[in-house]
Enquirer: 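Before I ask anything, let me first share the structure, which is written out below as structure tokens.
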Amino acid sequence: MGKKCLLLCFSGTGNTLLVGRTIQAKLEKQGYDVTLYRYREPKEEIPDPNAFDLIGFGYPIHAFNTPEAFLRFASSLPVLKEEKDSFLFKVSGEPLALNNASSASLVHKLKKKHYLVKQEKHFLMPYNIIFRFPDEIVKSMLLYLEPLSTLLVQNIVEGKEERIPYPIGPRIVSLLFRIEWLAPKVNHLFFHSDKKCIHCHLCEKACPMQAIYEDKRGRMRAKRSCALCMNCTMVCPKNAIHFGFLNHWKVNGVYPYTKILSDKTIEPADLKSFRHGFFHSYRSYFLKQDRLLQEAGIPLPDIKEKKENE
């Protein structure tokens with residue numbers, strides 16, 4: 001009988017869920033019976049982690065931290081009867097070293113409950129806040145998702161340990177940026193839909209925290225429990241959500257991942273070629289991932305290398 005794995009993830013706009021499903025498929029190819037549980041409110045009954053051989057945790061990085069809601073969720077998990085191997089996958093739009101310490105508190109909480117995190121992988125996916133990523137960048141990220149999830153699962157199966165270090169500097173920054181946890185308590189007062197709203201309630205249905213509701217004046221509003229995941233602003237068909245203090249950073253329209261991958265006119269960007277601007281930090285990240293993939297014997301994505309003079 002195959003081993004059983006429980007994947008517990010929090011996902012706002014769906015990036016972390018996509019990574020989780022990709023990892024699920026890879027584990028199932030290795031003979032694991034995988035149950036994927038997406039944490040949402042109201043919280044559904046959690047499968048008993050004691051009944052599984054392996055536990056995975058996935059979350060999007062918010063302001064260099066694990067989202068407060070997912071930390072609370074982790075705190076609600078039962079103490080295991082015996083220690084079990086676990087792993088983390090975290091998702092963000094940039095490979096900044098400041099993101100490394102985002103899981104420090106989560107790992108500490110899990111260890112006390114006998115979840116032993118032995119593998120940790122940081123996946124890059126397109127921004128759902130600040131600005132929209134070009135299709136060429138999105139396509140490259142999606143192409144890397146397959147081999148990098150294969151690498152993670154291969155390391156898990158082989159019993160390797162690979163943890164991302166948490167230097168003191170990033171840990172201090174992470175702690176300072178927890179002020180973001182207070183933001184929804186104020187920002188929700190300025191959240192509302194405008195006259196373009198067609199009352200489709202997609203924002204309400206898509207909210208993982210069930211924090212969106214329609215007030216007596218017919219405007220969509222947010223509760224204090226908002227996780228700032230920005231899902232509502234992405235799914236709104238009329239771009240009618242005014243997202244309080246973060247309104248100028250909202251991204252409207254879900255990324256059409258399937259279409260981008262299948263569109264042959266979209267040439268994936270060489271993420272190692274950027275030496276200036278916002279994407280320059282991608283170079284070192286993807287050079288490292290290429291090295292890890294080559295060492296593991298996993299084929300690299302089919303992306304044309306951009307030469308220096310191009």
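The model shown is predicted, which means the values in this text are computed figures rather than measured ones.
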Enquirer: With a 6.0 Å cut-off on the ring centroids, do F286 and Y144 count as close?
Expert: yes

Enquirer: Specify the closest pair of heavy atoms between S76 and K43, including all atoms of both residues, with the distance to one decimal.
Expert: OG-NZ, 3.5 Å

Enquirer: Looking only at heavy atoms, which two atoms of N50 and K81 are closest? And how far apart?
Expert: OD1-N, 2.9 Å

Enquirer: Which atom names give the shortest non-hydrogen contact between H199 and G218, and what distance separates them?
Expert: CE1-O, 2.7 Å

Enquirer: Do N231 side-chain atoms and A206 backbone N/O form a donor-acceptor pair below 3.5 Å?
Expert: yes

Enquirer: For the side chain of R224 and the backbone of P184, is there at least one donor-acceptor N/O pair under 3.5 Å apart?
Expert: no

Enquirer: Assign the ring pair F279 / F133 to parallel, tilted or perpendicular, where the plane angle (0 to 90°) is split at 30° and 60°.
Expert: perpendicular

Enquirer: I need the K111 NZ to K113 NZ distance, nearest 0.5 Å.
Expert: 15.5 Å

Enquirer: For residues T66 and S102, report the shortest heavy-atom separation together with the two atoms involved.
Expert: OG1-O, 2.7 Å

Enquirer: State which residues pass salt bridge (charged side-chain N to carboxylate O under 4.0 Å, His left out) with D194; sequence neighbours excluded, sorted by chain then number.
Expert: K196

Enquirer: Run the ring-centre check on F278 versus Y127 and record whether the distance is less than 6.0 Å.
Expert: yes

Enquirer: Suppose we screen for salt bridge (charged side-chain N to carboxylate O under 4.0 Å, His left out). Which residues come up paired with K160, at least two apart in sequence or across chains?
Expert: E158

Enquirer: May I ask whether F73 and Y115 are part of the same hydrophobic cluster, defined by side-chain heavy atoms of I, L, V, M, F, W, Y residues being less than 4.5 angstrom apart, directly or through others?
Expert: yes

Enquirer: Does a donor on one side chain and an acceptor on the other come within less than 3.5 Å for Y166 and S174?
Expert: no

Enquirer: Go through the steps for E146 and K26 under the test salt bridge (Lys or Arg N to Asp or Glu O under 4.0 Å), then give the verdict.
Expert: CA-CA 9 Å; E146 285 291 323; K26 303 293 184 182; 2.6 Å; yes

Enquirer: Listed by chain and number, what are the salt bridge (charged side-chain N to carboxylate O under 4.0 Å, His left out) partners of K90, not counting sequence neighbours?
Expert: E120

Enquirer: Clusters formed by hydrophobic residues whose side-chain heavy atoms approach within less than 4.5 Å: which one holds F190, and what are its other members?
Expert: V186, L189, F245

Enquirer: Quick one: does any side-chain atom of K139 pair with a main-chain N or O of D263 as donor and acceptor, under 3.5 Å?
Expert: yes

Enquirer: Between the main-chain N or O of I241 and the side-chain N or O of K250, is there a donor-acceptor pair closer than 3.5 Å?
Expert: yes

Enquirer: Do F57 and F87 have ring centres separated by under 6.0 Å?
Expert: no

Enquirer: Taking atom types as modelled, is there a side-chain donor on Y257 or N15 under 3.5 Å from an acceptor on the other?
Expert: yes

Enquirer: For residues Y282 and Y285, establish whether the separation of their ring centroids is below 6.0 Å.
Expert: no

Enquirer: Can K272 and Q289 be counted as having a side-chain donor-acceptor contact under 3.5 angstrom?
Expert: no

Enquirer: Output yes when R178 and E68 qualify as a salt bridge under the 4.0 Å nitrogen-oxygen rule, no when they do not.
Expert: no

Enquirer: Which ILVMFWY residues are connected to L182, directly or by a chain of links, through side-chain heavy atoms under 4.5 Å apart?
Expert: I179

Enquirer: In the hydrophobic cluster built from side-chain contacts under 4.5 Å, what are the other members alongside F177?
Expert: F64, L96, L98, V173

Enquirer: Between F70 and Y39, how do the two ring planes meet: parallel, tilted or perpendicular, split at 30° and 60°?
Expert: tilted

